[in-house]
There are 2 protein chains.
Amino acid sequence: MVRERYGSAMADKPTATDADGRKPGRALRADARRNRARVLQVAAEIFATEGLSVPVHEIARRAGVGTGTVSRHFPTKEELFAAILLDRMEHLSGQADALAEGHDAGTAFFTFFATLVHEGAQHRGLAEALAGAGYDVETAAAEAGHDVPGRLRTMLARAQESGAVRADITYPDVKALMAGCLSREVDDAHGDALIRLVTVVCEGLRARPS
Amino acid sequence: MVRERYGSAMADKPTATDADGRKPGRALRADARRNRARVLQVAAEIFATEGLSVPVHEIARRAGVGTGTVSRHFPTKEELFAAILLDRMEHLSGQADALAEGHDAGTAFFTFFATLVHEGAQHRGLAEALAGAGYDVETAAAEAGHDVPGRLRTMLARAQESGAVRADITYPDVKALMAGCLSREVDDAHGDALIRLVTVVCEGLRARPS
DNA sequence: CGACAAACGGGATGGCCGTCCCGTATATTC
DNA sequence: GAATATACGGGACGGCCATCCCGTTTGTCG
């Protein structure tokens with residue numbers, strides 16, 4: 001059987017000392033900011049391609065920093081997970097705003113839907129692990145101003161008003177369809193299969209000229 | 001953050017000594033057979049409700065056996081996972097055969113579809129973990145004579161021939177829809193939400209009188 | 001019923017990983 | 001350019017868990 005870890009133990013009561021959610025005091029030192037971003041990026045890639053069980057030491061090694069640096073920025077592995085997701089949410093809500101501005105309602109919605117599916121294909125496990133731990137990513141993101149679901153909901157409504165999307169579709173329908181595209185059945189997250197699925201779903205959502 | 005383990009480390013190269021896949025020699029002693037079945041059942045329940053990271057010791061404790069007994073029957077945790085899934089597959093293919101015999105093609109298909117979704121809701125993580133480890137459950141099950149996908153495929157074909165299911169549906173479509181029903185969005189695996197989703201999907205699959 | 005092998009129990013072992021700590025290096029500030 | 005707090009590196013610690021081992025129990029067969 002292929003080499004694979006399932007996960008790894010985690011402290012029950014992490015002694016949360018500093019979540020880098022620092023509002024007060026000084027700003028982060030320049031190198032600290034760089035390192036933090038680098039860890040976040042490397043960790044996102046590694047977790048996406050190799051699973052959540054990759055040791056934090058390994059993340060640090062590949063990011064070219066010491067383990068202490070990682071755990072100072074993200075006191076627990078769980079907080080690292082959350083930070084990655086929040087970071088992605090920030091990107092996504094930025095993209096959403098750009099799309100909403102530069103395209104007609106239909107195009108914006110369909111494009112954003114596809115973006116979300118591809119993003120989801122990358123970080124599937126992450127979101128599940130945090131959800132399983134009772135961490136509500138969407139709410140946390142919304143509080144940080146990166147309300148991706150809200151934006152999707154708005155885009156859906158506009159697309160429907162403009163006649164690009166069937167009027168009988170609801171937001172939960174869209175979420176379920178998205179989840180369907182993300183099923184394990186679609187093996188490779190980058191492959192054609194995913195693109196085909198998204199295409200099919202979008203076609204299904206599109207309002208028929210009738 | 002709520003107490004939650006993500007998983008647990010596992011040996012890279014399990015010294016596979018005995019997989020209980022014993023064809024030759026003596027049959028299992030009566031008590032051994034009992035214990036094996038009991039562990040399998042208890043483990044399936046626990047993994048389904050509490051996640052895959054529950055320690056093997058805990059499984060043994062709750063099954064009322066020693067850890068040695070568990071690891072003799074299932075040398076590694078991974079083999080325990082696989083055994084559970086194979087066991088479920090056996091149940092399922094039995095149900096499939098019974099359904100195919102006792103009902104019309106349409107009812108058989110829809111009922112089995114619902115059964116699969118509910119089963120999937122239980123053992124979601126299990127299948128994912130094994131798939132991630134490169135273990136092909138479906139093939140293994142097929143080799144053991146419990147070819148669930150094959151049966152579903154057959155039932156779909158018959159249901160389509162009989163006019164109960166839309167003719168333009170393909171088997172992969174069905175798998176994707178099934179996966180959609182199993183999305184994390186449907187929180188409680190026993191709740192009404194899942195039943196509603198299944199109902200909707202089945203209605204969608206049903207051939208319209210036109 | 002007695003003898004033997006199969007199976008059991010659960011403690012011991014080894015390894016892995018998250019987290020903490022502290023001496024060192026470096027960005028920032030005056 | 002010096003002083004100082006901030007951040008870094010990576011080794012060490014502690015805990016957890018899968019697996020193994022071996023003395024003991026129990027089913028099986030003659």
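- Checking C:dG9, D:dG9, C:dG18 against every side-chain atom of A:Lys77, the shortest atom distance belongs to C:dG18.
- Taking atom CZ on B:Phe81 and atom C1' on D:dT19, their separation rounds to 15 Å, with Å as the unit.
- Without hydrogens or angle criteria, B:Lys77 side chain to B:Leu52 main chain gives a donor-acceptor distance under 3.5 Å.
- Remark: B:Asn35 is in phosphate contact with C:dC8, judged by side-chain N or O atoms under 4.0 Å from OP1 or OP2.
- Judged by distance alone, with hydrogens and angles left aside, the side-chain atoms of B:His118 form a donor-acceptor pair with the main-chain N or O of B:Ala114 at under 3.5 Å.
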Side-chain donor/acceptor pairs under 3.5 Å, residues 37-46 of chain B, sequence neighbours excluded:
residue: B:Arg38; atom: NE; partner: B:Ala63; partner atom: O; Å: 2.9
residue: B:Gln41; atom: NE2; partner: B:Glu45; partner atom: OE2; Å: 3.4

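- Rounded to a whole Å, the CG atom of B:Leu28 is 14 Å from the C1' atom of D:dT26.
- If you measure from atom CZ of A:Arg33 to atom C1' of C:dT28, you get 12 Å, rounded to the nearest angstrom.
- Checking C:dA7, D:dC8, D:dT6 against the side-chain heavy atoms of A:Arg29 singles out D:dT6 as nearest.
- The closest donor-acceptor contact from the side chain of B:Arg151 to the backbone of B:Ala96 lies at 3.5 Å or more, if one exists at all.
- Side-chain atoms of B:Arg166 never come within 3.5 Å of backbone atoms of B:Arg206 as a donor-acceptor pair (strictly under, hydrogens ignored).
- Remark: the backbone N or O of A:Val65 is not paired with any side-chain donor or acceptor of A:Thr69 at under 3.5 angstrom.
- Relative to the side chain of A:Asp31, the nucleotides C:dC17, D:dC8, C:dA7 differ in distance, and D:dC8 lies closest.
- What separates CZ of B:Arg34 from P of D:dT28 is a distance of 8 Å, to the nearest Å.
- Rounded to whole Å, the distance from CG on A:Leu80 to P on C:dT19 is 10 Å.
- Of the candidate nucleotides D:dT19, C:dT28, D:dC8, C:dT28 has the atom nearest to the side chain of A:Ala30.
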Please write out each protein N/O paired with an N/O of nucleotides 11-13 of chain C under 3.5 Å, distance rounded to 0.1 Å.
residue: C:dG11; atom: O6; partner: B:Thr67; partner atom: OG1; Å: 2.9

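- A:Thr170 pairs by the side-chain hydrogen bond (donor to acceptor under 3.5 Å, both in side chains) definition with A:Asp173, not counting sequence neighbours.
- Residue B:Ala32 places its side chain closer to C:dC8 than to any other of C:dG18, C:dC8, D:dC17.
- B:Glu58 places its CD atom 17 Å from the C1' atom of D:dT19, with the value rounded to the nearest Å.
- Put simply, A:Thr69 has a side-chain N or O that comes within less than 4.0 Å of OP1 or OP2 on D:dG9.
- Going from atom CD1 of A:Ile46 over to atom P of C:dC17 covers 13 Å, rounded to whole Å.
- Going from atom CD1 of A:Ile59 over to atom C1' of D:dG9 covers 17 Å, rounded to whole Å.
- Ranking C:dG9, C:dT28, C:dT19 by closeness to the B:Arg72 side chain, first place goes to C:dG9.
- Comparing D:dT19, C:dC17, D:dA7 by their nearest atom to the side chain of B:Thr76 picks out D:dT19.
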